[in-house]
Each structure stands twice: as structure tokens, then as C-alpha cells.
Q: 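For reference, the structure I am asking about is given below.
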Amino acid sequence: MPLTNISNEDFSKLVKFIHSQYGIDLSQKRQLVTSRLSSLLSQKGYNDFGPFVTDLLKKQDPADMELVLNRLTTNYTFFMREEEHFHFFRDTILPELVKRHQRDKVLAIWSAGCSSGEEPYNISIYIKEFLGAQANQWDTRVLATDISQKALASAKRGVYELPDTIPPAWRKKYFQPVPGGKQYMVAPIIRNNVIFQTFNLMDPIKFRLKFDVIFCRNVMIYFDQPTKDALVQRFYDATVPGGYFMISHSENLGKNAPYQTVAPSTFQKR
């Protein structure tokens, strides 16, 4: 059997396993599965999908599973993505949170599915800019999670080619040029404000604090509606009353979402 083909049985097994473990719906992505995994099969020394799928599901080796997930999903993000969200965060959410937390001076913000790290660093820059000289009096560390160790390694490294949308003052203040190229490293004042952690969004959410804001943008595009509904409910339960939830403009929550809409792709737990 050529590598470009996968049997109905093997495809069904793989789809069910990926969905049950990671929430990703590949049921309509047969061509994507075969095209993106064929080279991986060759690298691993397999001649067809049958033995590969059998071994993958039997061993459930974390390294192999990560290779598969990295092939089947796209860890694509960039600074200032969907900038309207950051403007709402700066103009509406941050003033409200700072007023609410004047006593404890702790903000709990989660970047769920942070990929290569631009989003949580971007959030941190907005926080630092808003608080200004008072920033060192606050605990504003952003929790940033992803299921991919490869994405998290890149995020922790914090080296990027910066888009023109980054203001020149920010480039100078929050980034350090990497010698010999066009890349910049995120400055320690921002790097130290992000806590990176591996987390599978299908797992129960049991972090120490409930969150003032949860960003989960361009993640649920891989989930079917029941999986998405269950995840949104878990997010809702992990949000403080009055807290916010943001998804990408290309996503929707569904009819029975517990949050209330307050702006495009932005929701609040009333």
C-alpha cells in the first residue's frame, strides 16, 4: 500500500485516539493526515500506515505523539495578532482589573495554547506599559501553556523577527538585537513575566488561582462543537466573576456558551 493511502480502519483508529486524548477533530482531514504524516513514516522506517498507527497507539510514546501533533496542527502566531483584542485589553480590561486588584496587586492571566510565545509576551508588554512605574509593585505574571514541547522551547527562547506593527519605542524598550541578524530577543523584564508550562486543554483545569482573563485564540478551530462546548465550560469555571475570555475572530463559542459577549470575540463572566 503506498504511503499516500491509509486504510479506513487505521484512519478511524487514529482519528478516535487523537480526539479522545487531545480534542482535535481530524474526521474530515484524511488528505491532511496522509500528506503530513507520510514523511514521518519514512523517517521512522515504516512502509505503510498500518504498523505505524498500531505502534503509535500501543506505545503512546510522548515524543512520537508530539511529532504527530506538530505535523497535524499549525503553530502559527505573531506579535500584535488581532490587534483589536489588545486595544480592548488596554482600554477596558486593564483599567478595570487594576481598580479591582488595588489591594492584592495580583493579576491572573492565562494564554492557553500559546504556541511560540508571541501572545503572552505581547500581553506582558501591554501590562508593563499600562502600569508604568508601578509595575514592580504588582504580580502580573502571565501563565502561558501549550501541549507542544517544541513550541514551548521556542517560546522560552524568545527570539523573533519583529513585524513592523511593533512600535519603535517597544522595540527599543522590550527587545534586544541578536548579533549578526534581523532577530531580536525578548528583554528579561518581559521574559520573566511569563511562566511557560505544558498543558493539555482536555485535562481538568486545576490551577491555584482563577483567571481574570483567558486568551484562547486560534486553538479551538481544531475541535468539534461538543469538545469546544466542554472546554468553554471548563474555561468559564476557571474564570473569576467579572473575568474575560477571548477567542480569535475566526472562531465562535456556540449557542449555549455561558459567557456574555461584550465585544467582537470577547466575552465576560457576568
Side-chain angles (χ1 to χ4, degrees), residues 3-4 6-7 10-78 81 110-121 142-160 186 191 194-207 214-224 227-228 230-231 234-235 248 251:
L3 277 181
T4 50
I6 182 172
S7 71
D10 289 329
F11 179 68
S12 179
K13 284 181 185 176
L14 184 61
V15 165
K16 287 178 180 177
F17 178 78
I18 296 290
H19 183 266
S20 67
Q21 297 297 310
Y22 307 105
I24 299 170
D25 180 15
L26 298 169
S27 58
Q28 306 301 316
K29 303 287 180 67
R30 186 169 184 144
Q31 185 175 355
L32 179 145
V33 169
T34 53
S35 63
R36 292 195 178 181
L37 292 187
S38 287
S39 61
L40 180 60
L41 263 67
S42 299
Q43 290 174 21
K44 291 286 185 179
Y46 292 92
N47 294 320
D48 62 61
F49 275 94
F52 173 77
V53 171
T54 298
D55 288 348
L56 185 72
L57 272 55
K58 183 178 179 181
K59 297 176 182 176
Q60 296 187 29
D61 179 80
D64 287 342
M65 289 309 310
E66 174 147 8
L67 285 173
V68 170
L69 291 175
N70 285 337
R71 296 294 179 98
L72 297 178
T73 58
T74 304
N75 289 312
Y76 174 68
T77 186
F78 50 90
R81 187 176 193 178
W110 180 13
S111 171
C114 68
S115 187
S116 48
E118 288 93 331
E119 180 178 270
Y121 288 137
V142 176
L143 174 66
T145 67
D146 203 277
I147 197 171
S148 170
Q149 295 282 355
K150 181 179 178 182
L152 288 175
S154 176
K156 290 175 183 177
R157 185 166 169 257
V159 175
Y160 308 96
V186 179
R191 289 167 64 90
V194 179
I195 301 169
F196 289 105
Q197 185 173 326
T198 307
F199 185 73
N200 184 345
L201 289 174
M202 295 303 99
D203 291 342
I205 299 172
K206 295 181 178 179
F207 296 112
I214 298 175
F215 289 79
C216 186
R217 304 187 302 167
N218 299 287
V219 175
M220 293 189 293
I221 51 174
Y222 297 108
F223 301 158
D224 60 20
T227 302
K228 191 188 306 182
L231 176 58
R234 291 198 298 278
F235 279 139
S248 77
E251 298 170 306

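The first residue of the sequence shown is numbered 1, and numbering continues consecutively from there.
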Q: Taking the side chain as every heavy atom from C-beta outward, state whether Asp25 and Tyr222 have any atom pair closer than 4.5 Å.
A: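 Side chain of Asp25 against side chain of Tyr222, heavy atoms only: no contact under 4.5 Å found.
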Q: CD/Gln21 to CD1/Ile147 distance, rounded to the nearest 0.5 angstrom?
A: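 So the gap between those two atoms works out to 9.0 Å.
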Q: Between Tyr160 (side chain only) and Val186 (backbone N and O only), is there a donor and an acceptor less than 3.5 Å apart?
A: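 Checked: no pair found.
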Q: Tell me, do Asp224 and His19 make a side-chain contact under 4.5 Å, heavy atoms counted?
A: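 With C-beta onward as the side chain, the pair touches.
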Q: Identify the two heavy atoms, one from Val194 and one from Ala144, that lie closest to each other, and give their separation to 0.1 Å.
A: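 What the structure gives for the nearest pair is CG1-CB, 3.7 Å.
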Q: Just so I know, are the side chains of Thr227 and Met202 near enough to count as touching, which here means a heavy-atom distance under 4.5 Å?
A: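 Contact flag for Thr227/Met202 side chains = yes.
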Q: Rounded to the nearest 0.5 Å, how far apart are CG of Leu231 and SG of Cys216?
A: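 Answer for the CG-SG pair, Leu231 versus Cys216, is 6.0 Å.
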Q: Side chains of Met65 and Leu56: closer than 4.5 Å at any heavy-atom pair?
A: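 Side chain of Met65 against side chain of Leu56, heavy atoms only: contact under 4.5 Å found.
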Q: Do the side chain of Arg71 and the main chain of Leu37 share a donor and acceptor less than 3.5 angstrom apart?
A: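 Such a contact is absent between Arg71 side chain and Leu37 backbone.
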Q: Considering non-hydrogen atoms only, spot the tightest contact between Ser116 and Ser154 and give its length.
A: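 Nearest heavy atoms, Ser116 then Ser154: CB-OG, 3.9 Å.
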Q: Looking only at non-hydrogen atoms, find the nearest pair between Arg157 and Arg191 and report the distance.
A: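 Residues Arg157 and Arg191, closest heavy atoms: O-NH1, 2.6 Å.
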Q: Could you tell me the separation between the OG atom of Ser35 and the CD1 atom of Ile6, rounded to the nearest 0.5 Å?
A: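 Those atoms lie 11.5 Å apart.
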Q: Would you compute the distance between atom CG of Leu41 and atom CZ of Phe49 and round it to the nearest 0.5 angstrom?
A: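 These two atoms lie 5.0 Å from each other.
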Q: Quick one: are Leu14 and Phe52 in side-chain contact, heavy atoms under 4.5 Å?
A: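 Result no, sub-4.5 Å side-chain heavy-atom pair not found.
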Q: Would you give the length of the straight line joining atom NZ of Lys228 to atom CD1 of Ile221, rounded to the nearest 0.5 angstrom?
A: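 Output value for this atom pair is 9.5 Å.
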Q: In Å, rounded to the nearest 0.5 Å, how long is the span from OG of Ser27 to CD1 of Ile18?
A: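 Interatomic distance, Ser27 OG to Ile18 CD1, rounded to 0.5 Å: 12.5 Å.
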Q: Kindly check if the number of other-residue, nucleotide or ligand heavy atoms within 6.0 Å of CD (Gln28) is above 12?
A: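 No, because the 6.0 Å sphere around CD of Gln28 holds 12 heavy atoms or fewer from other groups.
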Q: In the structure I gave you, are the side-chain heavy atoms of Ile24 and Leu72 within less than 4.5 Å of one another anywhere?
A: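 They are not in side-chain contact.
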Q: Between Lys59, Lys58, Lys44, which is the residue that forms a salt bridge (Lys or Arg N to Asp or Glu O under 4.0 Å) with Asp64?
A: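 The option that passes is Lys44.
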Q: Give the minimum heavy-atom separation between Val53 and Lys13, together with the two atoms involved.
A: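 Scanning both residues completely, I find the closest heavy atoms to be CG1-CB, 4.3 Å.
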Q: Are the side chain of Glu119 and the backbone of Ser111 linked by a donor-acceptor contact shorter than 3.5 Å?
A: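 Not a single qualifying donor-acceptor pair exists.
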Q: Assess whether side chain to side chain contact (heavy atoms under 4.5 Å, CB included) is satisfied between Glu251 and Phe223, documenting all intermediate values.
A: CA-CA 11 Å; Glu251 298 170 306; Phe223 301 158; over 6 Å; no
Q: Which atoms form the tightest heavy-atom contact between Leu143 and Gln197, and what is the distance?
A: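 Here Leu143 and Gln197 meet closest at CD1-OE1, 3.9 Å.
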Q: What verdict does the side chain to side chain contact (heavy atoms under 4.5 Å, CB included) test give for Cys114 and Leu152, after you've listed the backbone C-alpha separation in whole Å, the side-chain angles of each residue and the deciding distance to 0.1 Å?
A: CA-CA 8 Å; Cys114 68; Leu152 288 175; 3.8 Å; yes
Q: Hey, can you tell me if Trp110 and Phe199 have their rings parallel, tilted or perpendicular (30° and 60° cut-offs)?
A: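 Aromatic pair Trp110/Phe199 classed perpendicular.
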Q: Any idea which heavy atoms bring Tyr46 and Asp55 closest together, and the distance?
A: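 Minimum heavy-atom separation between Tyr46 and Asp55: OH-OD2, 2.8 Å.
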Q: Let me see the working for Glu118 and Arg81 under salt bridge (Lys or Arg N to Asp or Glu O under 4.0 Å), right down to the final yes or no.
A: CA-CA 9 Å; Glu118 288 93 331; Arg81 187 176 193 178; over 6 Å; no
